[in-house]
Each structure stands twice: as C-alpha cells, then as structure tokens.
There are 2 protein chains.
Amino acid sequence: MNTHLPNLKHLQYLLALNEHQHFHRAADACFVSQSTLSSAIIKLEQLLDCQLIERDHKSFVFTAHGKAVVKMAEQLIHNATDLVEFSRSQGLAGKGHIYLGCIPTIAPFLLTDVISASSQQLPDIELFIKEAPTEVLLEQLANGDIDIAILALPIDNKYSNSFKQTHLCQDPLYLVGDEILTEQVSKDGGYKNIPAESVFLLSDEHCLTEHALSACKLVEQSKINPFSATSIATLLQMTIHHQGLTFLPEMAINKGVAGHAYLRVMAMKGKPYRDIAMLERKGSLRTETFKLLATLISELFN
Amino acid sequence: MNTHLPNLKHLQYLLALNEHQHFHRAADACFVSQSTLSSAIIKLEQLLDCQLIERDHKSFVFTAHGKAVVKMAEQLIHNATDLVEFSRSQGLAGKGHIYLGCIPTIAPFLLTDVISASSQQLPDIELFIKEAPTEVLLEQLANGDIDIAILALPIDNKYSNSFKQTHLCQDPLYLVGDEILTEQVSKDGGYKNIPAESVFLLSDEHCLTEHALSACKLVEQSKINPFSATSIATLLQMTIHHQGLTFLPEMAINKGVAGHAYLRVMAMKGKPYRDIAMLERKGSLRTETFKLLATLISELFN
DNA sequence: GTTTTTGATAGAAAATTACGATGAATACTC
DNA sequence: GAGTATTCATCGTAATTTTCTATCAAAAAC
C-alpha cells in the first residue's frame, strides 16, 4: 500500500472530456453535473501532480502529457471494464468458467463426451480441464485451483468433509486379458490357478488399482506382476505382451480400448463397480451451475 | 458512462488478501482495519456479482475465479501505478517528457546539439521531436500536440497571442552560390546583373524564403528560379547544378552544408539575420522546465 | 452594452469508505 | 471440557469523498 491511485470514475470523466472537448457536454455524457466533472479533473491533476489541460477561461486544450494520460487511462478503463464484465458472467447459474479436475482413469473416457455435450447444452459454460490423481485433485479443490473434481468414491482425506459430493454414475469393472486365463478365472471363480505375476495393475496412486483389488478379492501377492503401469494404455500393452490379466472400467471398454483381437472381456462375479462422483467445496455459491453440469454428465451414462 | 467500476483501493485490498492469505495481516499491510478490508472484499463481490473467496468462519480460500480476478487486478493496479508515477515526474521543474516541434530549416542544425546537451545537463528531461513547417507547428502547439515550438520570428497567426515567446538566438543569413555570381552581387550591392532564374529558394511554406527575400531586397521576380526546393539539401544541389545563388542561415553553414568546393559563402549587406525563438502556450505551468531548455539552447549559440 | 457561453468555486447534501466494538464459529490449551 | 485465542463478519457511527445546486467571472457574440 503505497501510492494513492485515482478513482476510475474520474478517469472516465477525463476520457469523456477528451471525447467531447467540452465540460458541460462531457458531464452530460457521464450523467453528472458540470461542476462535478470540473472538480474531478482538478482533483486528478492534483493527484497526478501535473497539468492535464490548460484553461483560459473560455476554453481549454489537453497538454501533450494530458493526451498521454488519456491514452493510458483508456487502457486502464478498458481493462477494468473487462474485469467487471468477465466477473459478472461468472456468478449466474449456467454461466462462466468452470475449472474441472478429473482423475486419469476417468478423464480420457468421459471428458470428450462431456465437453461436446456441454458446449451444446450449456453454451455459456466454458470448461477448463486438469487431470491429476485423486490426492492432488483434493488438494487443488481445497485450495481453489479447481472448482469441481470428478473422481471415484470413496475419498478419505483431511479435506473430505468440506466437500459436497454429487453421485454421477456407477462404472462396472471387467476382467480383461488373455483368453485362456480369463476363462480359467471364470471357471474357478478365483485366481488360484493362474500363473504367478500374470495380473497387471496401475501404479498405486491410481485409485482404480484399489477398486480392482477389492473387487476381485485377489489376496495372493505373488500373482501380481511387479511392473505397475502409469496409464491404461500402457497397462493394456503390458497385459497383451505378457499374456496376462487386468481389470478395466466399463467406460474405458466402451471407448474401445480393449478392442485388440487378443483380449477377452469378461464380467466379474458380484458385478463390482466403482462410484463416480463430482465434488465441490461446501462453501461454493455456484451449486446451481455445477448441478447443471452434473445432470448433463449423469445423463450421458444412463 | 455505463458499468460501475471497482475502487482501485479495494482491488489493492484483494491483492493484499491474496498475498497474506489472512484478513488481519492483509489489513495491516494496507494500513486499514480488518473490518474495512473484510467489507471491501464483500463489496467487490457484490459489484462483480460473483464469489471471490469462500469462507468457513475460520478460514477461506480463493475460488478459481477469484484467482483469475487477482491476476487481472494485479495488472490493473500495476498499470494505474505506472500512470501515476509517470505523471508525477512530469510536473516538476527540469523533469518529464517534452514534446518539441521545430521547423525544418532549424531542426537538422540545432537538434542534435540540443539533444546531446540536454541529455547531459538535463538528464531528467526526455525530448520528443516533431519537425513541421511554422503553420503546422503553431496549430500543434495550440492544440497541445506539442509542448513547445522552435521557429523563426515573427509569427503571425490566429493563435499567436496565446503563446509566450522566448528569444533563443540570432541566426545571420548568408549569400551562398557560384563564385562569379556572388562576387557580382557583392560588387553591385544588388541583383540587377545576374542572369534570370539564377536565384534558388525553398518552397513557400518555409519561412526561410520570406526571410531571405526581405533580407536581400530582391524585387525582380524574373531572377528567381521557378523550381522551389523542399529541403536545404535539395536547394543546395539545385544551386550547385545550375550555378546559381541562394541564401543560407549561419547555423546551416556552421554544420558544413556549404562545404562543397564550388560554393562561395558571403556575408550580406546590412548583416541580415533571422530571430530564432521558442514558443509555449501562455497557459502552461511548465515554464520553469521550458526555461531551462531555452537557456541551454541559447548557450549553445552564444 | 447586453446576452450567451463556458469553466471555476463555495457550501450543503449525499454517498462512500473506514473505524471500533462486538459476535459467532472454530481451534487450541491444560 | 471449560477457558482462551484466533479469525472473519456485522453493526452503528464517524470521517472522507463525491456530487449537487447556485453563483461567479471572463470572454465571445450579437
């Protein structure tokens, strides 16, 4: 807090004076009295400690410096107006920018559809996507880097009770992999007869791994291959190459990722699924807007 | 006059809040009370019609949009501060930008010296030069496009009594040209024995032409070549090529423009000269600054 | 010489901004 | 678990800033 800054309204008066070259007409254009405009200019000159116009009792001219100030003021007013107009559109339901975070095992299968549906049905909303694992998303949501997060439940985090959850859909998990192995598992109803290290999983920060393990009730650590993939694409490549098994969510399969001739896709016992939800901060006032987006996403999957 | 714009001070409060992430510390940094800052933020949110921060009674976070507003506000405050600081330096004696207009028969011989001397002796002044004929300069001076004009007296213009004149120097005129002709003129004390069309002049908008004619008392129109040059360089080329005569000011000759082997330079009868003066608007408050520049220029020529 | 135009000024009114005290909700301490 | 501290919001009042109305002074127009 150092220099005193001018009142933007007074700068607008200056611009009006420059435009109309006449105190009374400029004042009219600003819907204020002539004396208001006159004293505002004087005030500006005092604040800026320099002469903006030279008067000779009947008329006036802008000084060269006055003209330079006008140019700068125009820019300033323009930027300020931008800021206001930009903000105004943000508060209303169904409008504004939404910063949306999404976990990597959802993003590639959900977001293209969401973005195109949203640009159709919610044309006044602009989405800005960030992809990050659950823990990072929760952090970003808590500190305001993103407005909403789309991820798989449950979440368990120091912030989690300051978030509001909106359930979006259930996403079933499937067993995917080598034909012989998938049939073996199907016949046995378990994993005891498959070779060691034949189950491939994503790395630990992906919650999908957790879901898959709890869904298949795989307890023998030896069946799990020590390589851990960091993306579903890599996971599938590893599975194919080593003739192994893995678990994929339906939304990925629907997008054709398991379309490789070698792969078999098989429903699992107990029809396990993951719950996909949208999170927002409880303090947010844009619930209406976010609900519109949530409804749109739900409808895409039901 | 349309949208209401925010108070820049309030935007500064917002920036302080962003920086300190704490109402009380931010308020301290702005030298206001915590309640002032708190209500200023609320006021901003009302004006912008959106949520900038989300509070939960003990703490708060900036929304994604709040962060965007902070970025824009930073830019805005920065520009506003620039405007103020830029202006502040303008009013003081010996400081600021000076927009200086000069006629083309002075500019090339005076300004390089003036600029270098000024940057030495008046380092806080920055000169911006415009070159234009007298009539244009007077117009620009009157409407504030330039702060001061340097030109040859006398001036006679609808604005001229709203200008203040500062005499800078006397600039003697010399007869320049073909050896035989210059000696002829010198011997005769007049122009009756030189060939027709052997006197070369600048075009009419250059006041030097007027000065030259009144100085030499040349009445016979037939002696004047119908070609009229638009610059001293061209004038000299024409004079040399057609073995004619012309008139040049001392400041041009001192800069070596008449250094061509063929040319003779001869003082004229009655030692005619033009008066060089600096003009400013009577309404200007920067007289002190302009006087410093005038003194500097005078000293360069005395 | 009077009227009109134009910008400045003074004093009162209105609006805005700021302050101090208090309150509510939460976290911290012992 | 009661007491203390921290933190931001709120309320009423005070100070400041902005604006208005009316009037003035200078110059131009008629």
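Model, not experiment: these values are computed from the prediction. Atom set for the values below is all heavy atoms of this structure, side chains included, hydrogens, waters and symmetry mates excluded.
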- Those residues at least two apart in sequence (or on a different chain) that pass side-chain hydrogen bond (donor to acceptor under 3.5 Å, both in side chains) with Thr166(B) are none
Sort me out a list of protein N/O and nucleotides 11-18 of chain C N/O pairs below 3.5 Å, or just none if empty.
residue: dT17(C); atom: OP1; partner: Asn7(B); partner atom: ND2; Å: 2.9
residue: dA18(C); atom: OP1; partner: Lys9(B); partner atom: NZ; Å: 3.4
residue: dA18(C); atom: OP1; partner: Tyr13(B); partner atom: OH; Å: 2.7
residue: dA18(C); atom: OP2; partner: His10(B); partner atom: NE2; Å: 3.4

- The ring pair (Phe, Tyr, Trp, His ring centres under 6.0 Å) partners of Phe62(B) (sequence neighbours excluded) come to none
- Query: Please give, in whole Å, the distance from dC11(D) C1' to Ile42(B) CD1?
  - Reply: 12 Å
- Nucleotide of dA9(D), dG20(C), dT7(D) approaching Gln34(B) most closely (side-chain heavy atoms): dA9(D)
- Atom CG of Asp28(A) and atom P of dT6(C): how far apart are they, to the nearest Å? 11 Å
- Task: Check whether more than 12 heavy atoms from other residues, nucleotides or ligands sit under 6.0 Å from atom NE2 of His24(A), and answer yes or no.
- Result: no
- Task: Return no unless some side-chain N or O of Arg55(B) is found under 4.0 Å from OP1 or OP2 of dT7(D).
- Result: no
- Note on the structure: Those residues at least two apart in sequence (or on a different chain) that pass ring pair (Phe, Tyr, Trp, His ring centres under 6.0 Å) with His65(B) are Phe86(A)
- For residues 29-42 of chain A, pull every pair meeting salt bridge (charged side-chain N to carboxylate O under 4.0 Å, His left out), keeping only residues two or more places apart or in separate chains. none
- Message: Please determine whether the number of non-hydrogen atoms from other residues, nucleotides or ligands lying under 6.0 Å from atom NZ of Lys282(B) exceeds 12.
- Response: yes
- What's the CG-C1' distance between Leu17(A) and dG7(C), to the nearest Å? 10 Å
- Task: Only counting residues at least two apart or in another chain, list the ones meeting salt bridge (charged side-chain N to carboxylate O under 4.0 Å, His left out) with Glu139(B).
- Result: none
- Item | dT7(D) phosphate, OP1 or OP2, under 4.0 Å from His22(B) side-chain N/O | yes
- Would you give a per-nucleotide map of nucleotides 24-30 of chain D, 5' to 3', where B means the base has a protein non-hydrogen atom under 4.0 Å away, S means only the sugar-phosphate does, and - means neither? --S-S--
- Message: If I take atom CD in residue Glu54(A) and atom P in nucleotide dA8(C), what distance separates them, rounded to the nearest angstrom?
- Response: 13 Å
- Query: Among the nucleotides dC8(D), dC11(D), dT21(D), which one has an atom lying closest to any side-chain atom of Ser35(A)?
  - Reply: dT21(D)
Show me the donor-acceptor pairs, under 3.5 Å and distance only, between side chains in residues 125-135 of chain A and residues at least two apart or in other chains.
residue: Glu135(A); atom: OE1; partner: Asn157(A); partner atom: ND2; Å: 3.1

- Message: For the helix from dG1(C)-dC30(D) to dC30(C)-dG1(D), what angle separates the axis at the start from the axis at the finish, each from five pairs, in steps of 10°?
- Response: 10°
Under 3.5 Å, which donor-acceptor pairs do the side chains of residues 140-148 of chain B form with other protein atoms, sequence neighbours left out?
residue: Asn143(B); atom: OD1; partner: Asp145(B); partner atom: N; Å: 3.0
residue: Asp145(B); atom: OD1; partner: Lys67(A); partner atom: NZ; Å: 2.5
residue: Asp147(B); atom: OD2; partner: Tyr99(B); partner atom: N; Å: 2.9

- Which listed nucleotide (dT21(D), dA8(C), dA9(D)) is nearest to the side chain of Phe23(B)? dA9(D)
- Task: Under the side-chain hydrogen bond (donor to acceptor under 3.5 Å, both in side chains) rule, collect the residues that match up with Gln34(B), sequence neighbours excluded.
- Result: none
- Query: Any donor-acceptor pair under 3.5 Å between the side chain of Ser38(A) and the base of dG7(C)?
  - Reply: no
- Could you state the atom-to-atom distance from CG of Leu8(A) to P of dT17(D) in whole Å? 17 Å
- In whole Å, what is the span from the NE2 atom of His20(B) to the C1' atom of dT7(D)? 16 Å
- Query: Expressed in angstrom and rounded to an integer, what is the separation of Gln12(A) atom CD from dT19(D) atom P?
  - Reply: 11 Å
- Message: Among residues at least two apart in sequence or on other chains, which ones pass salt bridge (charged side-chain N to carboxylate O under 4.0 Å, His left out) with Arg25(A)?
- Response: none
- What heavy-atom pair brings Ala16(B) and Cys30(B) nearest, and what distance separates the two atoms? CB-SG, 3.5 Å
- Measure the distance from CD1 on Ile41(A) to C1' on dA8(C) and round it to the nearest whole Å. 13 Å
